[in-house]
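In what follows, every heavy atom counts, from backbone to side chain, and hydrogens, waters and symmetry copies are set aside. These figures come from a predicted structure and were not determined experimentally. We count ligands from 1, going down the list as the structure has it; atoms in each ligand are counted the same way.
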Amino acid sequence: MMPVSAELFKRHGNTHYANIGYGYYVLAVSVVYVAFLYGIKFIPRKWSQSNRFLRYVTGLSVPLHLLILMLPIFVPFVHHYSFREHVSVYIKRVGRLSYVLLSLNLFLTLRSPISPFRTLYEYADFLPLHKWLSRLIVILGLVHGIWFVAKWANDPNVSLVEKMWHKKRNTVGILISVQCLLLIILSLRTIRRKWYWLFYFNHNITNIGLLFLTAVHARPNIVKPYIFINCLLVIVHGVNRIWNVQRMEINYKLRCGGGESNFVIVSLPLTRPTTETLECSHVRVSPYRIYNPLYWLTASHPYTVVEQTENDLKLVINESTFKMIPEKQYSVQFCGFSDNAESPITRSIPEDPCTRIVIVAGGSGISYTIPFYRQLTQRTQYTNVQFVWITRRLEEYEFIEQNLRGLLPETAEIYVTGNPLQEQRAIITTTTPAMHQDGGTEGLDFEAIELGQWTPQQQQQQQKQQPGGEQRKIHSGRFEWGALLGRSGSAVTGEQPAEGDRGGGTWLLSCGPESLVDSASRFAQENGYGVQKESYSV
Ligand SMILES: Cc1cc2nc3c(=O)[nH]c(=O)nc-3n(C[C@H](O)[C@H](O)[C@H](O)COP(=O)(O)OP(=O)(O)OC[C@H]3O[C@@H](n4cnc5c(N)ncnc54)[C@H](O)[C@@H]3O)c2cc1C
């Protein structure tokens, strides 16, 4: 009897195992890349702040990191086998590459508590890279499928129908390609934003499909070691999703009056005593029990803890489709970061007393910036901290002021961008330079924050009497980054900062909708400020 391998060689020529080595090579590159991600965390902050390249490396710039990863992967892609004579080898290689990269993708998205990066990175740090790596993986999968179909269609000795539909393994491959195509379409920004639940549901189904259907489809098979590695990673993902989950009803929910705002404050019971700092971290809320398949297939809703007391946690939510209802049970996962060596406070801001920090929140982004401000100012070295909140309605400000008493910093500057009728409810005094006056290109156009209909005359500063006699600055209309922060650090030092020290030690932290966070980051990068951000958009 002929040995199995000899039989395979006879059927497939001598190229059947041609991609095994390449697969291991890509796996090795992935391991080295993970080590690299660890390594860059030890680059001294001073170096990365003064060197643009290092700033991009440590800031996990997606184009740069994809280049770092793809260069060693694609350089030896065409090797040993002639591209013309052995095109099938390369079509299969594309497929194998797609599958092997899946392990890295699963690894990068591991979130607390079982995450090898736990003390170094927040899980959200890798989301942009994850998005693009996922796109690359599904595109490679699609290229693999389409290329084979095109090859069969052009080969007069082959029946396309037979190849596609009579060979079970190929039919499974077609199914995977359809899943990939659907995922690419649903992940387009506008579609993803509009039907996030559909995108997420499909994302998880495709994940399962890619993981397990590929095992049926691939030849030579990929069970060892890839399926083992990927199954292990999926199990860890599963454990992370049920870790620290409690089933509970909310204590109460307060709604912002006025009818037009979607702001609510939700109080969640803190049933178990904890030493963890939960403020600034988030809880994930799902309406389903953990043994309901929908718990696993649909997205949970992350909300940031604005205040933690002995027996409750408070959330500020700008409600959209998902609404928490009193007397209904929810699965709530607590994602604190007590043992995270790099809490959001120390993640990138230098421990330098001269550092000026400008904190800008958009809408419900104050749920993050309020505790952030408090934690920051508790550290005595930071004395120059500015707090700005831009929101749609005056009622939202009043709602937070009344119901989270004393939490909004006394020096907070508020920008209200909504209905000018609210003007009647405040005492108008002067005009401030930081207000957006002319609708120029640097004015903000936040997707979640309505543009004001105010005329320049109406764009005036309003001041509200604080309980302690303080005057709170309330502006109507938008602001311009340059006026708010000053350019190239001149607002801090009054002179052009030296090269390598641009920004004069100013850091801009922004939190809220993606458009605000992106606009803040762009301005900060263009003008040499340090950047820290927390986006509420996925
Ligand atoms: C780390 C983090 C902390 C957050 N903290 C707060 C907070 O304190 N207060 C607050 O009001 N919002 C917060 N958000 C945003 C909030 O989680 C989403 O707006 C909410 O889950 C939307 O649910 P929905 O079904 O009502 O959305 P939909 O009405 O279906 O969609 C509205 C928008 O929300 C996005 N979205 C939908 N579902 C999710 C989801 N599961 N995760 C993330 N984005 C989603 C969609 O892209 C869409 O653009 C936070 C988001 C993140 C990532």
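Shortest contact from atom 41 (N) of ligand 1 to any protein heavy atom: Ser300 O, 2.7 Å. The protein heavy-atom contact nearest to atom 51 (C) of ligand 1 is Tyr536 O, 3.5 Å. Scanning all protein heavy atoms for the shortest distance to atom 24 (P) of ligand 1 gives Phe322 N, 3.6 Å. If you check which protein heavy atom lies closest to atom 23 (O) of ligand 1, you get His301 ND1, 3.0 Å. Of all protein heavy atoms, the one lying nearest to atom 44 (N) of ligand 1 is Val538 CG2, 3.6 Å. Protein heavy atom closest to atom 8 (O) of ligand 1, with residue, atom name and distance, is Ser367 OG, 2.7 Å. Among all non-hydrogen protein atoms, the one lying nearest atom 10 (C) of ligand 1 is Ser364 OG, 3.3 Å. Among protein heavy atoms, the minimum distance from atom 48 (C) of ligand 1 is reached at Arg193 O, 3.3 Å.
With a 4.5 Å cut-off on side-chain heavy atoms, Tyr536 and Cys511 count as touching. The shortest distance between side-chain heavy atoms of Leu183 and Ile205 does not fall below 4.5 Å. For the pair Leu106 and Leu211, the minimum side-chain heavy-atom distance is below 4.5 Å.
At a 4.0 Å heavy-atom cut-off, ligand 1 does not touch Val306 at all. Residue-level proximity to ligand 1 for Ser320 is carried by backbone and side chain together, each with a heavy atom below 4.0 angstrom. Counting heavy atoms closer than 4.0 Å to ligand 1, residue Ala124 contributes nothing at all.
Of the N or O atoms in Thr321, one or more lie within a sub-3.5 Å distance of an N or O in ligand 1. Annotation: Thr304 places an N or O atom under 3.5 Å from an N or O atom of ligand 1; distance criterion only. Residue contacts with ligand 1: His282 is placed with no nitrogen or oxygen under 3.5 Å of a nitrogen or oxygen of the ligand (distance criterion only). At a 3.5 angstrom cut-off on N or O pairs, Arg192 does not count as close to ligand 1. For the pair Pro302 and ligand 1, the shortest N or O to N or O distance falls below 3.5 Å. Ligand 1 has no N or O atom lying under 3.5 Å from any N or O atom of Ser535, backbone or side chain.
In this structure, Phe201 places its CZ atom where only 12 or fewer heavy-atom neighbours from other residues, nucleotides or ligands lie under 6.0 Å away.
Remark: Lys41 is not positioned above the aromatic ring of Tyr38, lacking an NZ or CZ atom under 6.0 angstrom from the ring centre and at most 45 degrees off the axis.
When the salt bridge (charged side-chain N to carboxylate O under 4.0 Å, His left out) test is applied to Lys253, the partners found at least two apart in sequence or on another chain are Glu319.
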Checking Trp481 against Phe479 for the ring-ring contact (aromatic ring centres under 6.0 Å, His included) test, could you report, in this order, the C-alpha distance in whole Å, the side-chain angles of both residues, the deciding distance, and whether it holds?
CA-CA 6 Å; Trp481 289 114; Phe479 59 78; 5.0 Å; yes
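Between Phe263 and Phe399, the ring-plane angle classifies as perpendicular under the 30° and 60° cut-offs. Classification of the Phe126-Phe117 ring pair by plane angle, with boundaries at 30° and 60°, yields tilted. Between His301 and Tyr303, the ring-plane angle classifies as parallel under the 30° and 60° cut-offs.
At least one heavy atom of Tyr303 sits under 4.0 Å from some atom of ligand 1. Under a 4.0 angstrom heavy-atom cut-off, Ile317 registers as being in contact with ligand 1.
Identified under the side chain to side chain donor-acceptor pair (under 3.5 Å) test for residues 287-297, with sequence neighbours left out: none.
Side-chain atoms of Gln333 and Arg241 include no donor-acceptor pair closer than 3.5 Å. For the 3.5 Å distance criterion, the side chains of Ser267 and Asn251 qualify, holding a donor opposite an acceptor. Between Glu395 and Ser261, the side chains place no donor N or O within less than 3.5 Å of an acceptor N or O (distance only, hydrogens not considered).
Using a 4.0 Å cut-off to heavy atoms of Ala299, the atoms of ligand 1 that qualify are 41 (N).
Contact annotation for atom 13 (C) of ligand 1: protein present (non-hydrogen atoms, distance under 4.0 Å). Closer than 4.0 Å to atom 37 (C) of ligand 1 lies at least one heavy atom of the protein. Inside a 4.0 Å radius of atom 5 (N) of ligand 1 there is at least one protein heavy atom.
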